[in-house]
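See structure below.
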Amino acid sequence: MIISKGRGYVYGIEYHVVFCVKYRKKILIDKVKDSLLQIFILLSQEMDFKIMEINTDLDHVHLLISCKPQHYIPTIVKRLKGTSARLLFKLYPELKQQLYGGHLWNHSYFIATVSDTLEENIKEYISNQGK
């Protein structure tokens, strides 16, 4: 776990985040997957949080993120989902044909805090997605 310092505080906050493609469509393959991962990395830099581990299966995404106490997780997830959907539909317009309503992501998501004792297990689990 990364222990960081802020102005007047020390923190180590990590979350395991999972969200699914709408209708569990298996579209996260090849160039689409690569583009999605690049978009997430750019967004993490822009929003100032770290992606410790990231991977996808055909129909869902797993992220292990580390962020500051000021970050609000629903905002991070909303931005990841919204921006990635908009950019992927722009890059791959054919995706809209596979997703009936033109929505990329299911509106729900899973979030869990991660302790330093579970971090390695979660990293291994995420890295084995899609295998």
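This structure is a prediction, so every number in the text was calculated from the model and none was measured.
- The closest side-chain heavy-atom distance from Tyr109 to Pro74 is below 4.5 Å.
- In this structure, Val114 and Leu64 have side chains that are in contact, with non-hydrogen atoms separated by less than 4.5 Å.
- Side-chain heavy atoms closer than 4.5 Å link hydrophobic residues (I, L, V, M, F, W, Y) into clusters, and following such links, possibly through other members, connects Ile51 to Ile76.
- Among Leu63, Ile27, Val32, Leu37, the single residue meeting the side-chain contact (heavy atoms from CB on, under 4.5 Å) criterion with Thr56 is Leu37.
- Here the options are Leu28, Val61, Leu58, Asn55, the test is side-chain contact (heavy atoms from CB on, under 4.5 Å), and the partner is Gln129; only Asn55 passes.
- Note: Lys81 NZ to Phe19 CZ = 6.5 Å, rounded to the nearest 0.5 Å.
- Tyr125 and Ile65 are not part of a single hydrophobic cluster, where members link through side-chain heavy atoms under 4.5 Å apart.
- What you find for Cys67 and Ile73 is that their closest heavy atoms are SG-CD1, 4.1 Å.
- Considering CG of Asp48 and NZ of Lys50, their distance stands at 7.0 Å, rounded to 0.5 Å.
- Taking both residues in full, the closest heavy atoms of Leu87 and Ile39 are given as CB-CD1, 3.7 Å, listed atom of the first, atom of the second, then distance.
- Pairs engaging residues 23-35 under the salt bridge (charged side-chain N to carboxylate O under 4.0 Å, His left out) rule: Arg24-Asp59, Lys26-Asp59 [sequence neighbours left out].
- Once rounded to the nearest 0.5 Å, the distance linking CG of Asn106 with CG of Leu99 reads 11.0 Å.
- Nearest heavy atoms, Ser35 versus Leu88: CB-CD2, 3.8 Å.
- In the hydrophobic clustering of this structure, Val18 does not group with Leu43; members are Ile, Leu, Val, Met, Phe, Trp, Tyr whose side-chain heavy atoms approach within less than 4.5 Å, directly or through other members.
- Not one N or O on the side chain of Trp105 forms a donor-acceptor pair closer than 3.5 Å with the backbone of Val21.
- Within the 4.5 Å cutoff, no side-chain heavy atoms of Lys22 are placed close to those of Leu104.
- Proximity of a side-chain donor or acceptor of His60 to a complementary backbone N or O of Asp57 within less than 3.5 Å is not detected.
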Which atom pairs, donor and acceptor, lie under 3.5 Å between side-chain atoms of residues 5-17 and protein residues at least two apart or in another chain?
residue: Tyr9; atom: OH; partner: Gln70; partner atom: OE1; Å: 3.4
residue: Tyr9; atom: OH; partner: Gln70; partner atom: NE2; Å: 2.6
residue: His16; atom: NE2; partner: His62; partner atom: ND1; Å: 2.9

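- In this structure, CD1 in Ile122 is found 11.5 Å from CD in Glu124, a value given to the nearest 0.5 Å.
- Listed by chain and residue number, Glu53 satisfy the side chain to side chain contact (heavy atoms under 4.5 Å, CB included) test with Ser127 (two or more places apart in sequence, or in another chain).
- Taking hydrophobic clusters as Ile, Leu, Val, Met, Phe, Trp and Tyr residues chained together by side-chain heavy-atom distances below 4.5 Å, Leu42 does not share a cluster with Phe40.
- Nearest heavy-atom pair across Ser84 and Leu36 is CB-CD1, 3.6 Å.
- The line from CG of Asn128 to NZ of Lys123 is 14.0 Å long, rounded to the nearest 0.5 Å.
- Checked against a 6.0 Å centroid threshold, the rings of Tyr23 and Tyr100 count as neighbours.
- Here NZ of Lys96 is found 9.5 Å from NE2 of His103. Values are rounded to the nearest 0.5 Å.
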